[in-house]
Colleague: 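Got a structure for you, written out below as structure tokens; questions coming shortly.
Counting convention: from 1, in listed order, for ligands and their atoms alike. Keep in mind the model is a prediction, meaning the values are calculated, not measured. Index from 1, following the sequence.
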Amino acid sequence: MHAMLLDAPRRPLRAAELPDPEPPSGHVRIRVLACGVCRTDLHIYDGELTHPKLPLVLGHEIIGAVDARGAGAERFRVGDRVGIPWLAGTDGTCRYCRSGRENLCEHARFTGYDVDGGYAQYTIADEAFCFAIPDAYRDDEAAPLMCAGLIGYRSLRTAGDAERIGIYGFGAAAHIIAQVARHEGQRVFAFTRPGDAATQAFARELGAVWAGGSETAPPEELDAAIIFAPAGELVPTALRALGRGGIVVCAGIHMSTIPAFDYDLLWEERQIRSVANLTRADGREFLALAPQIPVRSWVTCYPLERANDALADLRGGKLQGAAVLIPSLGRSGTSDQSR
Ligand SMILES: [Zn+2]
Ligand SMILES: [Zn+2]
């Protein structure tokens, strides 16, 4: 099979031919139809997440068709369309798993980090960690739901029933979650890179009541803020935007150092917390809700072989919505399938 391989951090992905993987018991082989490109992939590429399997196939927003089943794998039929998220497996026995917090499992394995992911024609997944995908979504549209949507949704739930919610970093996760927040009657305030008028317009199009640069104070106090951008200096900035009792949710897996700030910013029962990974219950809940709203995703599709370009465009803030790799697109077959 064709795969784009990370040999070592900070080295461009290399087009490689690998043997088709064979599914062990309880696992399925998936023919990859689409794989989203996530900010976490950049953190792995940059060496900010320090223990990847190497060489590694990145990618944890996978939509594919079941192609072969290992012994005892009976949950899906060959040909079924499934989604594979970041959480690839857990031990099922640690104190976190036993208390409904499998996202914090002490022995969790992650797709495209501990095990090979979806920047390839085929991949392997534990069938118990795959999701059925609602028919309403095309493959490319469904891919960003697997992480941007799912972990964004967990972040939104963590922020509580805020009436006014700020979103710092208006990328793949934000553009999905803004639609959910609006649907639930929350007022969304979108913060982008300073001067990024195009993304501010995109946020307004998706229902934000206000959009501006992250250095700007919102026109009124916020009840909650979710930070998707990996910039630690946004934590005191977001605290400053909150009213009493407000919460800052840090949704990314990596963030630069948070600068020191005065206790006054945290006083009056303001909170800061992170969101880590996902549970399968998050996924089931979000995938049941998304088609009802309905949540739409904006995607830019790249052939698998152009994975390095997709990562560069994500890093450069050149995308509205999400980048998605399509193995069946020819090398020259770039297509912008935004909607
Ligand atoms: Zn991700
Ligand atoms: Zn566990």
Colleague: Closer than 2.8 Å to the Zn ion (ligand 2): does that hold for any N, O or S atom in Cys94?
Modeller: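 Under 2.8 Å: Cys94 contacts the Zn ion (ligand 2) through an N, O or S atom.
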Colleague: For the hydrophobic clusters of this structure (ILVMFWY residues joined by side-chain heavy atoms under 4.5 Å, transitively), does one cluster hold both Ile258 and Ile247?
Modeller: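 Per the 4.5 Å side-chain linkage, Ile258 and Ile247 are not co-clustered.
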Colleague: Once the angle between the rings of Phe202 and Phe170 is folded into 0 to 90°, is it parallel (under 30°), tilted (30 to 60°) or perpendicular (over 60°)?
Modeller: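 Perpendicular: the ring planes of Phe202 and Phe170 meet at over 60°.
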Colleague: Let's test this: below 2.8 Å, count the protein N/O/S atoms around the Zn ion (ligand 1).
Modeller: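 Total protein N/O/S atoms under 2.8 Å from the Zn ion (ligand 1): 3.
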Colleague: Quick one: sort the Trp298 and His175 rings into parallel, tilted or perpendicular, breaks at 30° and 60°.
Modeller: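 Ring orientation, 0 to 90° scale: perpendicular.
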Colleague: Among side-chain atoms of Asn103 and Tyr96, is any donor-acceptor pair under 3.5 angstrom?
Modeller: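 Not at all, the side chains of Asn103 and Tyr96 share no donor-acceptor pair under 3.5 Å.
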Colleague: Begin with the C-alpha distance, continue with both residues' side-chain angles, and end with the deciding distance and a verdict on side-chain contact (heavy atoms from CB on, under 4.5 Å) for Leu145 and Tyr153.
Modeller: CA-CA 9 Å; Leu145 303 181; Tyr153 181 69; over 6 Å; no
Colleague: Any chance the side chains of Glu17 and His2 put a donor and an acceptor closer than 3.5 Å?
Modeller: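 Side chains of Glu17 and His2: pair found under 3.5 Å.
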Colleague: Quick check: of its N, O or S atoms, which one does Asp91 have closest to the Zn ion (ligand 2)?
Modeller: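 Nearest to the Zn ion (ligand 2) within Asp91's N, O and S set: OD1.
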Colleague: Can Arg280 be said to sit on top of Phe129's aromatic six-ring, NZ or CZ under 6.0 Å from centre and within 45° of the ring axis?
Modeller: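 So Arg280 does make the cation-pi contact.
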Colleague: Quick check: does Glu106 put an N/O/S atom under 2.8 Å from the Zn ion (ligand 2)?
Modeller: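 Short answer: no, not a single N, O or S atom is under the cut-off.
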